[in-house]
2 protein chains.
Amino acid sequence: MITRGPSLTEQVRQHIKQLIVENGFEEGRIPPETELAADLGVSRTTVRDALSRLEHEGAIVRRQGAGTFVNPHGLRIKTRLEEMWSYEEMLKDHGYTPSVKVIGIDIEPPAPDTAQALGLEEGQQVLAMEKVFYEDDDPVVLTYNFVPADLIDGEVIPSDAEAPIFEFLEQQTGNQLAYYLSEIVPVLLTEEWAELLGTEPGTASISFDETGFDTDGRPLVHARSMFRDDLLRLGVMRRKSGG
Amino acid sequence: MITRGPSLTEQVRQHIKQLIVENGFEEGRIPPETELAADLGVSRTTVRDALSRLEHEGAIVRRQGAGTFVNPHGLRIKTRLEEMWSYEEMLKDHGYTPSVKVIGIDIEPPAPDTAQALGLEEGQQVLAMEKVFYEDDDPVVLTYNFVPADLIDGEVIPSDAEAPIFEFLEQQTGNQLAYYLSEIVPVLLTEEWAELLGTEPGTASISFDETGFDTDGRPLVHARSMFRDDLLRLGVMRRKSGG
DNA sequence: CAGTGGTCTAGACCACTTT
DNA sequence: AAGTGGTCTAGACCACTGA
């Protein structure tokens with residue numbers, strides 16, 4: 001019944017997740033691991049791995065000796081900060097139907113912080129992309145992405161920039177984005193930013209400053225994103241460490 | 001050689017972490033899992049679990065078919081947002097030697113958002129605790145904690161409030177904090193906050209608004225924390241989901 | 001005391017990278 | 001082809017919860 005495609009563990013995870021959102025478990029109680037394993041015809045280890053992911057997502061809570069339970073609060077989390085997403089995805093998860101507008105694309109010398117983040121030498125340039133994500137006519141997210149010009153293979157046209165940045169990087173540079181190191185910085189919106197975000201200058205906002213690396217630890221992109229706090233709020237689930 | 005106390009997996013994790021920070025691996029290459037297992041006298045599964053935790057912390061990178069490697073960038077992360085910590089711990093990780101000052105303790109009616117977050121009925125009160133964390137004479141963090149008064153067993157004296165909030169809750173209510181749901185909110189500092197944080201009113205700042213729950217999903221505490229961005233910056237590592 | 005999740009083992013096979 | 005991490009199995013025993 002459960003076989004091909006993604007890993008068994010992932011299939012089991014999705015299967016259980018499905019049942020959770022459909023309210024398929026009585027009183028939020030998830031069956032014992034041995035029972036799930038027998039029902040699905042997989043080993044208990046596989047079930048446990050799947051449950052561990054769901055626990056990590058905040059979808060369930062496990063209590064030793066007592067059982068495993070649906071976590072109604074965890075299901076409220078829309079955006080898991082510790083995961084990589086495209087802003088389209090993120091906005092969809094919030095119930096929006098987003099659109100993208102590329103404000104500008106340019107090859108230019110990097111700002112000092114960008115040069116440092118990307119480990120660029122004097123004289124090396126970056127491809128700068130400025131985008132705004134909208135929900136209907138409301139701007140929600142403003143992003144700047146800076147990619148070392150050396151990495152880009154061919155010519156770049158504005159429509160390329162509409163793709164999520166990791167797709168863009170894979171297509172234009174052949175490198176895969178493995179992780180971001182991100183900082184959360186409070187800022188006052190400048191006039192330029194405020195106008196693009198359709199709000200007032202001087203508004204307090206979050207700036208998400210991050211550098212993306214490939215698996216070899218090479219920096220591929222430096223990015224800065226600003227949000228309309230009234231339309232999009234960042235959330236995170238915080239647990240004890242070492243699970 | 002590796003035996004008692006914490007779990008085997010945790011001991012292996014610490015052992016490898018130790019070697020990483022001591023630069024005990026040539027060229028940042030970590031030995032094959034089978035070799036580690038044989039050397040430490042544990043199963044490969046145990047080694048893999050330990051490595052998974054280190055990967056999750058950002059300390060290492062695993063590349064199928066190639067090997068496991070130290071991640072120098074990941075080691076830079078001081079504060080992992082998705083983990084629960086006490087602010088003392090957090091500041092120590094940043095190289096500070098923090099101290100705490102309890103500004104005030106009071107039993108009072110909850111603000112509307114606090115009442116909602118804690119699911120309180122009309123008339124129920126909260127224990128409010130206001131604290132500032134200092135590095136030397138510089139205030140770095142300002143926190144407000146609100147605990148339902150019903151949960152508190154005995155009398156509370158100011159020195160009790162100096163303990164980390166999860167210790168406080170365990171001692172005063174007997175309940176264990178399992179996780180927080182947190183939101184990151186940009187704010188302009190009010191005069192009161194600015195004075196306590198030793199900075200100017202109107203400065204852009206992060207407000208960390210969170211509710212803490214026990215394993216049964218009961219809200220135990222509602223909290224709000226403000227930071228001196230120039231002294232303490234929140235960081236997070238973002239990876240692909242489903243690992 | 002029965003039932004649950006937590007830890008650990010030993011081993012098989014697969015997918016991928018490197019030589 | 002050899003070596004690495006990725007997935008999965010079957011089973012043992014422990015720690016904790018709740019009736």
Side-chain angles (χ1 to χ4, degrees), chain A residues 1-16 25 27-56 59-71 174-176 178 214-216 239-240 242-243, chain B residues 2-16 25 27-56 60-71 174-176 178 214-216 239-240 242-243:
Chain A
M1 159 215 175
I2 287 189
T3 33
R4 59 163 157 262
S7 72
L8 259 187
T9 302
E10 180 57 20
Q11 292 175 61
V12 171
R13 184 197 138 269
Q14 286 178 16
H15 180 252
I16 298 173
F25 295 117
E27 300 180 19
R29 187 189 186 88
I30 288 167
E33 297 175 349
T34 46
E35 192 179 318
L36 285 171
D39 287 355
L40 301 173
V42 300
S43 75
R44 189 184 155 210
T45 307
T46 301
V47 169
R48 278 188 62 75
D49 285 349
L51 290 176
S52 293
R53 294 190 192 180
L54 289 169
E55 182 182 30
H56 203 86
I60 62 173
V61 175
R62 300 207 268 197
R63 287 158 60 197
Q64 185 174 51
T68 303
F69 305 86
V70 173
N71 181 0
N175 286 310
Q176 262 204 324
D214 68 8
T215 47
D216 293 332
R239 280 179 305 274
K240 288 206 197 72
Chain B
I2 287 189
T3 34
R4 59 163 156 263
S7 73
L8 259 185
T9 302
E10 179 58 20
Q11 292 175 60
V12 172
R13 185 196 137 269
Q14 286 178 16
H15 180 252
I16 298 173
F25 297 116
E27 299 179 20
R29 188 190 184 84
I30 288 167
E33 299 174 348
T34 46
E35 192 179 318
L36 285 171
D39 287 356
L40 301 173
V42 301
S43 75
R44 189 182 156 213
T45 308
T46 301
V47 169
R48 278 188 62 75
D49 285 349
L51 290 175
S52 294
R53 294 190 192 180
L54 289 168
E55 183 182 30
H56 203 87
I60 63 172
V61 175
R62 300 206 268 197
R63 287 160 57 199
Q64 185 176 65
T68 303
F69 305 86
V70 173
N71 181 0
N175 286 310
Q176 261 204 321
D214 68 9
T215 48
D216 293 332
R239 279 179 305 275
K240 287 205 197 74

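Side chains included, hydrogens not; waters and symmetry mates left out as well; all remaining heavy atoms used.
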Scan T68(B) against the nucleic acid and name what it touches under 4.0 Å (heavy atoms): base, sugar-phosphate only, or nothing.
-> sugar-phosphate
Which atoms of nucleotides 10-17 of chain C (N or O only) lie under 3.5 Å from a protein N or O atom, and what are those distances?
unit_1: dC16(C); atom_1: O4'; unit_2: Q64(B); atom_2: OE1; d: 3.1

Of the candidates dT9(D), dC8(C), dG6(C), the side chain of T9(B) sits closest to dC8(C)
Of dG5(D), dG5(C), dC8(C), the nucleotide closest to the side chain of R48(A) is dG5(C)
Measure [atom1]/[X] against [atom2]/[N] and give the value in whole Å, please.
X: L51(A); N: dC8(D); atom1: CG; atom2: P; answer: 14 Å
X: L40(B); N: dC8(C); atom1: CG; atom2: C1'; answer: 14 Å
X: I30(A); N: dT4(C); atom1: CD1; atom2: P; answer: 14 Å
X: R53(B); N: dT7(C); atom1: CZ; atom2: C1'; answer: 10 Å
X: L36(B); N: dC8(C); atom1: CG; atom2: C1'; answer: 17 Å
X: E33(B); N: dT7(D); atom1: CD; atom2: C1'; answer: 12 Å
X: L8(A); N: dT7(D); atom1: CG; atom2: P; answer: 11 Å
X: I60(A); N: dT4(C); atom1: CD1; atom2: C1'; answer: 14 Å

E33(B) and L51(B) have their tightest heavy-atom pair at CG-CD1, 3.7 Å
Would Q11(B) and V42(B) satisfy side-chain contact (heavy atoms from CB on, under 4.5 Å), going step by step from the backbone distance to the final call?
-> CA-CA 11 Å; Q11(B) 292 175 60; V42(B) 301; over 6 Å; no
Is the shortest side-chain heavy-atom distance between [X] and [Y] below 4.5 Å?
X: D216(B); Y: R63(A); value: yes
X: D214(B); Y: Q176(B); value: no
X: T215(B); Y: F69(A); value: no
X: S52(B); Y: R62(B); value: yes

First of P32(B) and V47(A) reached from the 5' end of DNA chain D, by closest nucleotide = P32(B)
Atom pair CZ (R13(A)) and CG (D49(A)), whose distance is rounded to the nearest 0.5 Å = 12.5 Å
